[in-house]
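Chain letters run A, B, ... following the sequence lines, proteins first and then strands; every chain starts at 1.
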There are 2 protein chains.
Amino acid sequence: MDWSIQDVARLASTTSRTLRHYGDLGLLPPSRVGSNGYRFYDEHSLVRLQRILMLRELGLGLPAIGDVLGQQQDENAALRHHLDWLKQEQQRLVRQIRSVKKTIDTLNREEQLMAENMFDGFDHTEYLEEVERRWGADAYRQSDAWWRSMSTAEKTAWRLRQRALGADWQAAAVRGLDIVGEEAQALAQRQFDWLHGIPGTPGVGAGPTREYFLGLAELYVADERFAANYGGQVGAEFVRDAMVVFAERNL
Amino acid sequence: MDWSIQDVARLASTTSRTLRHYGDLGLLPPSRVGSNGYRFYDEHSLVRLQRILMLRELGLGLPAIGDVLGQQQDENAALRHHLDWLKQEQQRLVRQIRSVKKTIDTLNREEQLMAENMFDGFDHTEYLEEVERRWGADAYRQSDAWWRSMSTAEKTAWRLRQRALGADWQAAAVRGLDIVGEEAQALAQRQFDWLHGIPGTPGVGAGPTREYFLGLAELYVADERFAANYGGQVGAEFVRDAMVVFAERNL
DNA sequence: GATAGAACTTGACGTAACGTCAAGGTCAAG
DNA sequence: CTTGACCTTGACGTTACGTCAAGTTCTATC
């Protein structure tokens, strides 16, 4: 009562290559191998294949499927774990979709404006009125002048660092790091140093003042335009909390 | 005015390996290569890297990024195309998440029931009352008896074919095949043949009757439990339409 | 029994975007 | 001259198979 590899492949609408692959991984060994090397499968193989295909449709990886089938993992637990992963992936996609849409919008609105540089402006110049309201017109004028005085290379390098910082903050928030931990505080230090370079920031030279630093931290949470650079609301809150801790310790 | 590979890597918070990779692909060639083989990058490189990293964060593949940067592709068009792909991926994830949840539920409700076979029943026995309402109690009794009379291997093989058919229908719907085309009609033929094996289906022996076949097609669309096996509402409608065409031509 | 064609085998490369050794030059500082 | 930091090329590993390639075996036919 056994079938050839092609019989089984046709039954399951898959390929012999796939069955051989599963055989190589030990997921679905042939029930019998002829003296000529031909693989044969019996009814138990079919049941096992049925389960493999089910789990694969759910998106589980082959090693995970192996663990479930080998009783080394509770199926229920494996599925729950997998579900968490799927939800995370979905969130990632949602964020990417939002970003792509925003980028398309920006491109269409400012088509001819962007000659060489993708996006001009940065945290401060981009949000003029907010900065002026908080720290006065002088602060804005100073940082704006500083920005304009930079060469293209300097501007680009600056933006590169800005993006890198934002990405690292985001990664830290996702990894759920402790805000008082070493890594998160190192990021806060980078944030401090980064602000250090911007004239118009109260206390520059010695570095931003405690008040300014804390005010900026709150701004990240309060204004969604800022939050976008730090991984959304949740990310911004993580950034703020780490910055607050940093300020209390060092400023 | 140039920087070493490490300088640039640190600036962008990436690795030298990544920069070398981009160099190998022609995405970001060094602006200068020393006689010692060392790579050096200038300000234009930084601007280019800035754009590469932006697009990569949006999820574009490196070849696509290359096309955009090389002006071989309109950025706007590329992003729109990418957005479509992202949306599709998201739909896929939504479906998978639903499936995983359903499977977890089923597992918890019927924990001890499932000794060897994952799911018992099939289209007909699973939806007793619907089948009886449409084609009478006799139809159900016959197909139920047929099902019970099969060996484990036969049942498994049957389910394997059922799943394969469902998956192929789903793929066909996603690919947007023409319902009157060769491939879709071949699927309808398989659907017909598959029903052929089930006693209790009116007209079996000669194959299902036209009326039964059409009724089943409508059922797939009307009942979401059936639709689930054929790729949701949209998939079920595709199946129905192809089946209707098949019935008109052959029954 | 010879032969063609279908089915089977193992082996190996390719995929996306790098991470991660490995082995070996180059350079600045002491 | 040595040490250590930094640089190079080369190559394997990752996921789940697809896709040849080359050789062997089975089956049907003449």
D/dT8 P sits how many Å from B/Arg32 CZ, rounded?
12 Å
Less than 4.0 angstrom between a side-chain N/O of B/Asn36 and OP1 or OP2 of D/dT8, yes or no?
no
In terms of side-chain geometry, is the basic nitrogen of A/Asp42 or A/Arg32 positioned less than 4.0 Å from the acidic oxygen of its partner?
no
Just the rounded figure in Å: distance from P of C/dA16 to CH2 of B/Trp85.
11 Å
Can you tell me how far C1' of D/dA5 sits from CZ of B/Arg10, to the nearest Å?
10 Å
Just by distance, no angles: are the side chains of B/Ser13 and A/Asp168 close enough, under 3.5 Å, to form a donor-acceptor pair?
yes
Geometric cation-pi criterion B/Arg240 and B/Tyr220, 6.0 Å radius, 45° cone:
no
Both B/Pro63 and A/Phe40 contact DNA chain C. Taking the nearest nucleotide for each, which residue is further toward the 5' end?
A/Phe40
Might you confirm whether atom CD of A/Glu182 has over 12 heavy atoms from other residues, nucleotides or ligands at distances under 6.0 Å?
no
What is the distance, rounded to the nearest whole Å, between atom NE2 of B/His21 and atom C1' of D/dT14?
13 Å
Does the distance from a Lys or Arg side-chain N to an Asp or Glu carboxylate O, for B/Glu89 and B/Arg92, drop under 4.0 Å?
yes
For B/Leu25, answer base if it contacts any base atom (sugar-phosphate contacts may also be present), sugar-phosphate if it contacts only those atoms, and nothing otherwise; contact means non-hydrogen atoms under 4.0 Å.
nothing
Nearest-angstrom distance from the residue atom CG of A/Leu58 to P of D/dA16:
14 Å
note: A/Trp3, atom CH2; C/dA7, atom C1'; distance rounded to Å ~ 19 Å
Separation of D/dC17 atom P from A/Leu53 atom CG, nearest Å, is 9 Å
How would you label the contact of A/Gly61 with the nucleic acid (heavy atoms, under 4.0 Å): base, sugar-phosphate, or nothing?
sugar-phosphate
Would you say B/Tyr22 reaches C/dA17's phosphate, i.e. side-chain N/O to OP1/OP2 under 4.0 Å?
no
Can you check whether any acceptor in the base of D/dT19 is under 3.5 Å from a donor in the side chain of A/Arg17, or vice versa?
yes
Taking only side-chain N and O atoms of B/Thr15, does any of them lie within less than 4.0 angstrom of OP1 or OP2 on C/dG19?
yes
Establish, with yes or no, whether the OP1 or OP2 oxygen of C/dA16 is under 4.0 angstrom from a side-chain nitrogen or oxygen of B/Arg56.
no
Between atom CD1 in A/Ile5 and atom C1' in D/dT24, what is the gap in whole Å?
16 Å
Between A/Tyr38 and A/Thr18, which has a closest nucleotide on DNA chain D that is more 5'?
A/Thr18
Check the phosphate of D/dC6 against B/Ser16, side-chain N and O only, distance under 4.0 Å to OP1 or OP2. Yes or no?
no
Does B/Arg20 make a side-chain N or O approach to OP1 or OP2 of D/dT9 shorter than 4.0 Å?
no
